[in-house]
Amino acid sequence: MQIILADKAGFCFGVQRAINTAFKAGGEGKVHCLGPLIHNPQEVARLRDAGVDTVNDFSGLPAGDSLIIRSHGVPPDILLRAREKGLNIIDLTCPFVAKAQKHAESLSKEGYQVVVVGEKQHPEVQSIVGYAGENAVIIETPDEIETMRFAGKIGVVAQTTQSYGNFSEIVLRLLRLSKELKVFNTICSSTKERQDAAKVLASQVDVMIVVGGRNSANTGRLVSLCRESGKPTYHVEVADELLPEWFSGAERVGVTAGASTPGWVIEAILARLRTIG
Ligand code: SF4
């Protein structure tokens, strides 16, 4: 059984930067992360062992402790409250997310109604919306637009992990509803590179394995893209989940991984596949 790893898979620039900084900070004092640093439970457990715990609320933390803002960013009011509490902020908002926040803010100031294309509950989307003004809306799918009304000019930004297909379809439909539409394509190139590489690989193999946290948006999107190719696709977090029967008769197996999947998890998956093969 031939096992092929996608050309682009695993940690992206923003996640790698956040992980490196967090591990370093964990050895230097009391450090907390506001929400899991990445959507990968195994890596979050390693971080905890390295001195970085996860908190969902910072109101009980003493002044002087460090608080990590993860790559998804946070709305500006949360940042302000944390600073006012005297916490030492380690802001690891990915520069690409910060750019989307900035575009949302400038669109709102210029009088556009801001549309954020993305998942409503995703922390990155929530962080962008925090900069987008009071009448901002989040749109997840093109069909939602049918029931919506827009008063004036519309400004659009995307969650960085959106697929181009969904984003462009939503932009096209908004174009029909608006006299003035301003669009910032804030989809991150790492996301597109991983999606493209996964699609190419899925077309060349018999079975696809997608590795990553079940709560990781970009991993979930890789799973959908691989399934759209028609190939049997399995989403796993750890090597123990791989079942030999998935590969019966398969000559070529493709492996890809979300941007929040650590290299050591991918290596363990490849090793287990070699054993099965
Ligand atoms: S996927 Fe892109 S935007 Fe998101 S953390 Fe990685 S580099 Fe940053």
Side-chain angles (χ1 to χ4, degrees), residues 6-25 33-44 47 52 54 68-75 78-79 89-105 116-132 138 140 156-167 183-199 210-226 235 237 256-266:
D7 280 347
K8 296 279 180 187
F11 276 179
C12 59
F13 149 79
V15 169
Q16 187 69 66
R17 167 180 171 267
I19 288 285
N20 292 350
T21 311
F23 271 108
K24 187 163 176 286
C33 185
L34 188 55
L37 184 69
I38 59 172
H39 286 151
N40 186 280
Q42 294 74 31
E43 192 71 353
V44 169
L47 272 166
V52 181
T54 301
I68 290 177
I69 303 299
R70 55 194 177 167
S71 56
H72 303 314
V74 290
I78 291 187
L79 209 50
I89 305 295
I90 303 174
D91 189 355
L92 299 181
T93 305
C94 177
F96 298 125
V97 176
K99 196 177 257 183
Q101 293 171 338
K102 207 166 268 173
H103 285 316
E105 187 173 33
V116 182
V117 177
E119 289 145 277
K120 295 187 171 71
Q121 302 306 324
H122 196 280
E124 180 197 313
V125 174
Q126 295 296 327
S127 88
I128 297 170
V129 166
Y131 287 85
I138 303 167
E140 252 178 81
V156 190
V157 296
Q159 180 182 1
T160 54
T161 49
Q162 272 295 293
S163 76
Y164 274 86
N166 193 53
F167 184 57
V183 181
F184 286 103
N185 176 2
T186 51
I187 296 175
C188 161
S189 58
S190 302
T191 304
K192 181 157 173 17
E193 284 167 5
R194 276 155 187 71
Q195 290 174 354
D196 289 349
K199 269 198 276 189
V210 183
V211 192
R214 296 199 201 286
N215 54 351
S216 156
N218 73 86
T219 305
R221 208 152 291 119
L222 289 175
V223 174
S224 309
L225 282 171
C226 293
H235 180 182
E237 274 188 1
T256 186
S260 51
T261 309
W264 61 271
V265 173
I266 300 172

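Each ligand, and each atom within it, is numbered from 1 in the order the structure gives.
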Expected output: side-chain R194 to main-chain A259 donor-acceptor under 3.5 Å: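 Checking the backbone N and O of A259 against the side chain of R194, no donor-acceptor pair under 3.5 Å is found.
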Spell out, as yes or no, whether a donor-acceptor pair under 3.5 Å connects the side chain of T256 to the backbone of A198.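 No: the side chain of T256 does not pair with the backbone of A198.
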CG of L225 to CD of Q195: how many Å apart, nearest 0.5 Å?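 L225 atom CG to Q195 atom CD measures 5.0 Å (nearest 0.5 Å).
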OG1 on T161 to CD1 on I187, rounded to 0.5 Å: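 OG1 of T161 is found 8.5 Å from CD1 of I187.
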Closer than 2.8 Å to atom 2 (Fe) of ligand 1: how many protein N, O or S atoms are there?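 Total protein N/O/S atoms under 2.8 Å from atom 2 (Fe) of ligand 1: 1.
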Pair E119 + R221: basic N to acidic O under 4.0 Å: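 Salt bridge: yes.
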Would you verify whether the NZ or CZ of K102 falls within 45 degrees of the ring axis of Y131 while also being under 6.0 Å from that six-membered ring's centre?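 That pair does not qualify as a cation-pi contact.
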